[in-house]
2 protein chains.
Amino acid sequence: MATNIRDVAKAAGVSVATVSKVLNGYTTVNQQTKERVLKVVKEKQFRPNAAARSLVGRRSMMIGVFLTTGLAHPFFTPILAGMEQSLKAKGYDLIYLAQFTWEKEYSFVRHCQSRNVEGVVVFGFQHSDMNFTELSEAGIPTLFIDLDVDAPRTGAISSNNTEAVQHAVQYLKEINHEQIAFLSGYEDTYVSRCRLAGYEAGMRLAGLAIPIDYVVASDFTKQGGYTAMRELLAHPSRPTAVICSSDMGAIGAITAIREAGLAVPEDISVIGFDDIELASHVHPPLTTIRQNTDEMGRKAVELLDQLINNIETASVQAIIPTELVIRASSAQRG
Amino acid sequence: MATNIRDVAKAAGVSVATVSKVLNGYTTVNQQTKERVLKVVKEKQFRPNAAARSLVGRRSMMIGVFLTTGLAHPFFTPILAGMEQSLKAKGYDLIYLAQFTWEKEYSFVRHCQSRNVEGVVVFGFQHSDMNFTELSEAGIPTLFIDLDVDAPRTGAISSNNTEAVQHAVQYLKEINHEQIAFLSGYEDTYVSRCRLAGYEAGMRLAGLAIPIDYVVASDFTKQGGYTAMRELLAHPSRPTAVICSSDMGAIGAITAIREAGLAVPEDISVIGFDDIELASHVHPPLTTIRQNTDEMGRKAVELLDQLINNIETASVQAIIPTELVIRASSAQRG
DNA sequence: TTGAAAGCGCTAACAC
DNA sequence: GTGTTAGCGCTTTCAA
């Protein structure tokens, strides 16, 4: 059996209350006593039982995560990894609520409550059947990544999607492209809307027209990019450059372009979004908009922690800068 | 405040003990009473407090995970995803012990104990400074992935690494290769040893000699594969095929081959290991040994669950079959 | 500055 | 079949 606070108290010749106070950083403990207790704690390698702590109504030091996309998503996983360091710094462990479902019965809110989760990070796509506000309504601080949910005591993190795409358009214009098309992501997704807005703004600023059907709705998958690109290839005025809402989409697009007997970037330049690991390894290496996943993860935990600790904090957000990484899938025109 | 068992008891007109019995599937409860209780439970969406449950010495329904490589490893993440379904089926949540360190002070064993984790899955590489047996010595059921740790009440899962590589050699022999080299992984790694053994056995069975320096020690990274391949390219009798211990290594090897003015697979065939997502997307698409990550994950939870529930179970293991996926980085010789 | 004791929500003896 | 109650390990009043 592992040692408990009573063992420590006994060994240190004090009461359990005193040990508890030392452990919780109360200043009303005599320096000598404190040292004696800490010595025993160290000797016995004592760690207070988390369940008991959490039961007595204090902190559980657990943050829940929920991914609408499953655990192995190529873009979200690095964010998870980015969370690691600030998790460590703040002392939280991460709990992946596998039982989490969006069904009404056995609701995820209840599940979070039963686990005494202090806060939740939700990664995801917008889906009409997911009631994202339930969590914050239940008083559980929630941080959304790539989601714009309007609720109090909530945080949000995303990249500067709009500016990023706008900047990509500008880059293409600078290397002489004028017929620039856009492969959009899931239409009802927050990031898709931002990226599309960035495309439109960028084209306007560059003084370029957007021909009808130059924006093709797609999803974030390779297959989706492939299908959308085929549509675009049939366009009467074929684009010389395409900006995609994801790297996977860009890879699909490149496949379609090749199949049509055209070359990337000679005939069509392709720009992706995310800079997932794959991006630099495909052929040609993808010019893409890199999201700073590490920073997103770190910031997510920080903001969530803020939400947890400052009751008065109404709502927080962060926009993380991106970076256009120029590789070989885009080239000067003419 | 969330409802507790007392509220439910009151609403159902029974005692808390009865509610508890219903919730825990005791059969000594009157059918009528049971239904009445369940109705209230459903109405109130009651979920028992996990901390209280775990405190009273019953189950915490939490499985800990520890990755020696960090959260975003391209091979381990899919295994994590594979765990998801059986986690759900068995009712466990997953806790990622971010506070986990291998330092003696504040030991990870203590951390697991303080969290009342029922079992732990360890993913990883062999490292001499990691005392993997501590967990099982402390009585915590532990399941190792890709690790061979000799300890009681422990489980192990890995692919059939030896046979897999042996099979790959045989395949190369069938397509006329005779000068087959091997890029090994970290030398002190269990899977590396297995794969190397498979190479040696395969060569022997194929009646092929292994020239000196045909086995190059490397790691599982792209850079490692690149460096090792450069050594191999300088070999007096240049190989016509190389089997690598990882896909990332294979990608690095291909880079080195190209830099030397040679082509894959025309001059040298390259085979990887893992079939990470990248493998099918690089150029040329990688012939590789696919590990069934999904099955590994599912099986991991199942075995761990077995370890947790059957005290008498001494030790369990599973070898998961692999599959040689033939793509374009390997070709018939001559 | 310290300690005694109540109680967090639950399970499991044990009594009825 | 059902209820009463002790107690899991901890924090936190409150009294000394």
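All chains are named by letter (A, B, ...) in the order of the sequence lines, taking the proteins before the strands, and each is independently numbered beginning at 1.
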Seminar exercise, completed: Which of D/dT12, D/dC10, C/dT11 is nearest the side chain of A/F46? It is D/dC10
Exercise. When the distance from NZ of B/K10 to P of D/dT2 is rounded to whole Å, what number comes out?
Worked result: 20 Å
For this session: Looking only at side-chain atoms of B/N4, point me to the closest of C/dC10, C/dC14, C/dT2.
Result: C/dC10
For this session: Between C/dA5, D/dT5, D/dC10, spot the one nearest the side chain of B/V16, thanks.
Result: D/dT5
Exercise. Would A/E118 and A/Y92 count as having a side-chain donor-acceptor pair, cut-off 3.5 Å?
Worked result: no
Problem set entry | B/N116 CG to C/dG9 C1', straight-line distance once rounded to whole Å | 15 Å
For this session: Please state whether the phosphate of D/dT2, meaning OP1 or OP2, lies under 4.0 angstrom from any side-chain nitrogen or oxygen of B/T18.
Result: no
Seminar exercise, completed: With the side chain defined as heavy atoms from C-beta on, A/L55 is closest, among D/dT12, C/dG9, C/dT11, to C/dG9
For this session: Counting heavy atoms from C-beta on, name the nucleotide in D/dT11, D/dT2, C/dG9 closest to the side chain of B/V29.
Result: D/dT2
For this session: Go through A/Q31 and A/E35 one step at a time and tell me if the side chain to side chain donor-acceptor pair (under 3.5 Å) criterion holds.
Result: CA-CA 6 Å; A/Q31 185 61 25; A/E35 275 163 17; 3.0 Å; yes
For this session: In whole angstrom, give the distance that lies between atom CZ of A/R6 and atom C1' of D/dC8.
Result: 9 Å
Problem set entry | Protein-nucleotide distance (B/N49, atom CG; C/dT11, atom C1'), rounded to Å | 13 Å
Exercise. How are the rings of A/H73 and A/F75 set to each other: parallel, tilted or perpendicular (split at 30° and 60°)?
Worked result: perpendicular
Exercise. For the side chain of B/I5, counting heavy atoms from C-beta on, which of D/dT12, C/dC10, C/dT2 is nearest?
Worked result: C/dC10
Problem set entry | Polar contact flag, side-chain donor to acceptor under 3.5 angstrom, A/S159-A/Q291 | yes
Seminar exercise, completed: Heavy-atom nearest nucleotide on DNA chain D taken for A/V56 and for B/G57; more 5' hit belongs to B/G57
Exercise. Distance only, no hydrogens: is a donor on one side chain within 3.5 Å (strictly under) of an acceptor on the other, for A/S114 and B/N49?
Worked result: no
For this session: Round to the nearest Å and state the distance from B/K21 atom NZ to C/dC14 atom C1'.
Result: 10 Å
For this session: Check if the side chain of B/K34 and the base of D/dG1 share a donor-acceptor pair of N or O atoms closer than 3.5 Å.
Result: no
Seminar exercise, completed: Winner on side-chain proximity to A/T33, out of D/dT2, C/dT2, C/dG3, is C/dT2
For this session: Specify the separation, in whole Å, of atom CG of A/N24 and atom P of D/dC10.
Result: 11 Å
Seminar exercise, completed: Rounded to whole Å, CZ of B/R47 lies from P of C/dC10 at a distance of 12 Å
Seminar exercise, completed: Taken to the nearest whole Å, CZ/A/R53 to P/D/dG9 is 15 Å
Problem set entry | Nearest-nucleotide pick for A/Y26, side chain only, options being D/dT12, D/dG3, C/dC10 | D/dT12
